[in-house]
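Heads up, the thing below is written out as structure tokens.
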Amino acid sequence: MISDAIINSVKNISSLDVLKIREDFPILKQLIHGKPLVYLDNAATTQKPKFVIDKEREYYEVQNSNIHRGVHLLSQKATMEYEKAREKVMRFINAKYLSEVIFTKGTTDGINLIASSFGEKFINADDEIIISHLEHHSNIVPWQLLCQRKNAKLKVIPINDNGEIIFEEFEKLISEKTKFISIVHASNSLGTINPIKDIINKAHQYNIPVLIDAAQSVQHYKIDVKELDCDFLVFSGHKLYAPTGIGILYGKEKLLEELPPYQGGGDMISSVTFEKTTYNELPYKFEAGTPNISGGICLGAAIDYINSIGIKSIEEYEKELSDYAELRLKEIEKLTPIGTAKNKGAVFSFILDGVHPHDIGTILDFEGIAIRTGHHCTQPIMDRFKIPATARASLAFYNTKDEIDFLASSIKKVFEVFA
Ligand code: PMP
């Protein structure tokens with residue numbers, strides 16, 4: 001049993017003014033089943049600050065127009081705002097050029113784009129693509145589809161019982177047949193943070209390009225694509241306090257130049273005749289059709305909001321909150337954590353003796369607590385741990401230690417209901 005003195009000493013330190021920050025998120029003031037909402041499903045999607053919501057309203061009230069093609073003032077204004085957002089993303093991830101920042105629908109879209117385009121040009125029969133056992137389905141299925149099309153092979157880096165990739169096994173998988181590596185930075189179901197810098201360094205010794213799935217990391221840690229030296233990186237706006245339907249694919253300019261377009265249509269062309277089409281320059285070559293204009297602008301606004309707090313401060317506070325959650329969950333008998341990596345983010349997957357995860361989720365919902373239950377789109381991880389599902393609490397910087405206390409006491413209540 002952990003003493004109250006230890007819990008209080010941890011609880012009383014706070015590096016962020018969270019109560020003030022919570023005022024920025026209108027949804028958090030809601031009651032759910034008559035109880036204050038405790039939103040702990042941030043790995044699925046994050047809530048939106050009023051600053052972002054207002055930006056969307058403002059866009060539709062005073063700027064709405066199609067971009068890039070209009071000579072009228074509204075179109076020029078919308079184009080300018082959209083391109084300004086691209087610049088904000090470029091600075092946020094420290095990309096070298098604007099041409100390296102491609103707007104997508106989200107992480108899934110970005111991975112499909114690369115699997116399709118890179119796969120089309122560079123993957124041939126008997127080639128191998130490496131992923132890990134920690135991947136979300138969206139970083140498995142596009143590669144399987146590619147392998148089926150090209151008669152190539154998918155190789156999977158195994159994980160240990162803590163949910164960490166086994167680096168020596170990764171090294172053993174690399175051969176002259178390896179043509180691409182696609183790997184998650186932080187696991188959405190176990191919280192494991194992969195040693196992506198080491199993976200990239202190793203891959204580059206063999207000239208193998210690497211894609212990083214940053215869906216669960218870009219909102220928590222400073223990402224510097226130049227320092228990482230990753231070839232591609234993808235993420236979703238909706239997990240970064242922006243709306244759904246917008247995301248980013250970063251790619252090194254030299255590589256993107258070499259890739260064929262993913263989709264054809266307006267905006268991605270430079271000239272079209274029935275005989276021949278020439279393509280637009282980067283990044284537009286990969287942005288066919290009218291994009292999610294307000295989504296892009298709001299992603300820029302979300303980045304402004306995050307910058308106003310500081311990603312380093314967010315990281316620091318979330319670490320503090322995670323340490324506290326770990327301490328509180330450890331106290332609960334008959335709770336088994338799934339995913340106990342040494343390097344782990346603010347995601348807590350667990351099972352309770354004798355209670356199905358869906359029942360945990362339902363009982364907690366009646367307390368106003370939103371967690372996620374199921375396989376979290378990572379069925380191979382569930383298979384690895386021989387379980388059908390977990391309950392998962394995932395944190396963001398607007399969560400408080402009081403909410404963690406309430407989660408812990410409500411989990412204890414779950415046992416009472418089942419007693
Ligand atoms: N990868 C990871 C690690 C994720 O957590 C998610 C979303 N849960 C995705 C990919 C897919 O993201 P999206 O559904 O926004 O495309």
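When a ligand or atom number is given, it counts from 1 through the structure's own listing order. Side chains are part of it too, since the values below use all heavy atoms of this structure and drop only hydrogens, waters and symmetry mates. For reference, positions follow the sequence shown, starting with 1.
Near ligand 1, heavy-atom contacts under 4.0 Å come from T107, T108, H136, S138, V184, N188, D213, A215, Q216, S236, H238, K239.
Stacking of K239 on the aromatic ring of Y241 is not recorded, the 6.0 Å distance cut-off and the 45° axial limit not both being met. In this structure, K202 forms no cation-pi arrangement with F167, as its terminal cationic atom is not both closer than 6.0 Å to the ring centre and no more than 45° off the ring axis.
Donor-acceptor pairing under 3.5 Å is lacking for the side chains of S270 and N280. Side-chain atoms of N42 and S394 form no donor-acceptor pair, as typed in the model, at a separation below 3.5 Å. No side-chain N or O of H136 forms a donor-acceptor pair with one of D213 less than 3.5 Å apart.
Distance alone, capped at 3.5 Å, is enough to place a donor-acceptor pair between the H356 side chain and the H358 backbone.
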